[in-house]
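Accompanying notes for the structure given below.
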Amino acid sequence: MNATQQRLTVVVAARNEAEALPKLHPRLDAALRRLHGIDGRVLYVDDGSTDATWAVMQRLAQADARVSLLKLSRNFGKELALTAGLDQVDEGAVLILDADGQDPPELIPQFVDKWREGYDDVHGTRIERDGEGWVKRATAHAFYRVIGRLSKTPIPADTGDFRLLSPRALAALKQLRERHRFMKGLFGWVGFNQVAIPYHREARLAGHSKFGLWKLWNFALEGITSFSTAPLRVATYLGVLTALLAFAYAVYIVVKALLWGDPVAGWPTMMVVILFLGGIQLVALGLIGEYLGRLYEEAKQRPLYLVDVWQPAAGRVSLPHPGTEEDGHAHGAAAVGGEGA
Ligand code: UDP
Ligand code: MG
């Protein structure tokens, strides 16, 4: 780490948090003051609030020169609001925090310590959740298990968006421009040195959660379809299974008809044809699914990989690896990828 003051921007996405923000800000302010040698900033993103959130934010910005504001033209949802906020940060590290105080700002110094130890992605892992019903806990638990199995990208369980990203992790994240943004997965995709900080998730300061069960269900679907093409494979497996069963059954009814005849003329032939075609159709759909899955992966235009360290043989002049994109620092988030990277 260099000697000059490093910047840390706390990005807070808020929708209708007029009541919570005035309670959150003093705590955030106190936490930032406790950091030594860090230029702490705050960026509030108003995600199309319909209450006094924007006015509250402006008041906070007037009273505190470290606060910047961003207002989206309408409600885009938390994932996009966060993306918009992160895009505005062009220097230093970022820390993502919920506006409702569920992620305690008092933990920020702990996150920063880990960053100083050299971690790129310091994320809060919830050990307890206050003020959330058992349905939400149970569904959240199940969701993390399912996505953990289906996705090839490691997605830490019980980890929300409460996290600190080092400058190079942020630079890497900014290269992921896919439209369907499941942030938890994107953070996981970036990789680098990750560490979890267990914490107690508090109850909301005010207001109520914007994520009802229906929204959570859609969110889960979004996550699974963004980070896995497993559902597309279902047709292939069903198809192969049906085709095999149909074949076995076909052999059985044909042999039966040949040996003893069949009381209903034409029935064996018809059954065999229907079953077999059904199986073939499902297999064909599955095949299309496979290609669709590949097309989908390509369309996301993610970098192919990110480099953590590139260490050329001793005594040789260090040159960036052909095709890599050095971000100016020693081992920056170098990426090689498709045209977009
Ligand atoms: N949020 C947002 N846009 C939305 C919904 C929520 O920016 O469309 C913000 C919200 O203001 C809060 C954070 O995302 O700061 C988490 O939302 P919430 O507390 O409702 O979710 P939960 O903690 O229940 O998962
Ligand atoms: Mg909340």
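Sequence positions, counted from 1, serve as the residue numbers for this chain. For ligands, and for the atoms within them, numbers begin at 1 and follow the listed sequence.
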Note: Asp158-Arg126 ion pair, threshold 4.0 Å (strictly below) = no
Electrostatic pair Arg294:Glu290 at N-O distance under 4.0 angstrom = yes
key: Sequence-distant partners of Lys174, side-chain contact (heavy atoms from CB on, under 4.5 Å), two or more places apart   = Asp87, Leu170
request  = Considering only NZ, NE, NH1 and NH2 on the basic side and carboxylate oxygens on the acidic side, decide whether Arg181 and Glu178 come within less than 4.0 Å.
outcome  = no
query = ring-ring contact (aromatic ring centres under 6.0 Å, His included): which pairs involve residues 14-72, sequence neighbours left out?
reply = His25-Tyr44
task = Could you tell me whether a side-chain N or O of Asp98 sits under 3.5 Å from a main-chain N or O of Asp100, the two making a donor and an acceptor?
result = no
task = For the pair Arg27 and Glu202, find out whether any cationic side-chain nitrogen is under 4.0 Å from an anionic carboxylate oxygen.
result = yes
ask   = Less than 4.0 Å between a side-chain N and a carboxylate O, is that true for Glu117 and Lys114?
value = yes
Show me a pair-per-line table, with atom names and distances to 0.1 Å, of protein N or O atoms that are under 3.5 Å from an N or O of ligand 1.
unit_1: ligand 1; atom_1: 3 (N); unit_2: Asp47; atom_2: OD2; d: 2.6
unit_1: ligand 1; atom_1: 8 (O); unit_2: Asp47; atom_2: OD2; d: 3.2
unit_1: ligand 1; atom_1: 8 (O); unit_2: Asn75; atom_2: ND2; d: 3.0
unit_1: ligand 1; atom_1: 11 (O); unit_2: Arg15; atom_2: N; d: 2.8
unit_1: ligand 1; atom_1: 11 (O); unit_2: Glu17; atom_2: OE2; d: 2.6
unit_1: ligand 1; atom_1: 15 (O); unit_2: Ala13; atom_2: O; d: 2.9
unit_1: ligand 1; atom_1: 15 (O); unit_2: Ala99; atom_2: N; d: 2.8
unit_1: ligand 1; atom_1: 19 (O); unit_2: Asp100; atom_2: OD2; d: 2.5
unit_1: ligand 1; atom_1: 19 (O); unit_2: Arg204; atom_2: NE; d: 3.4
unit_1: ligand 1; atom_1: 19 (O); unit_2: Arg204; atom_2: NH2; d: 2.7
unit_1: ligand 1; atom_1: 20 (O); unit_2: Arg204; atom_2: NH2; d: 3.2
unit_1: ligand 1; atom_1: 20 (O); unit_2: Lys210; atom_2: N; d: 2.5
unit_1: ligand 1; atom_1: 23 (O); unit_2: Gln102; atom_2: OE1; d: 2.6
unit_1: ligand 1; atom_1: 23 (O); unit_2: Arg201; atom_2: NH2; d: 2.8
unit_1: ligand 1; atom_1: 24 (O); unit_2: Lys136; atom_2: NZ; d: 2.9
unit_1: ligand 1; atom_1: 24 (O); unit_2: Ser209; atom_2: OG; d: 2.5
unit_1: ligand 1; atom_1: 25 (O); unit_2: Lys136; atom_2: NZ; d: 3.3

query = Does Asp47 come within less than 4.0 Å of Lys78, counting only side-chain N to carboxylate O?
reply = no
remark   = Within less than 2.8 Å of the Mg ion (ligand 2), the count of protein N, O or S atoms comes to 2
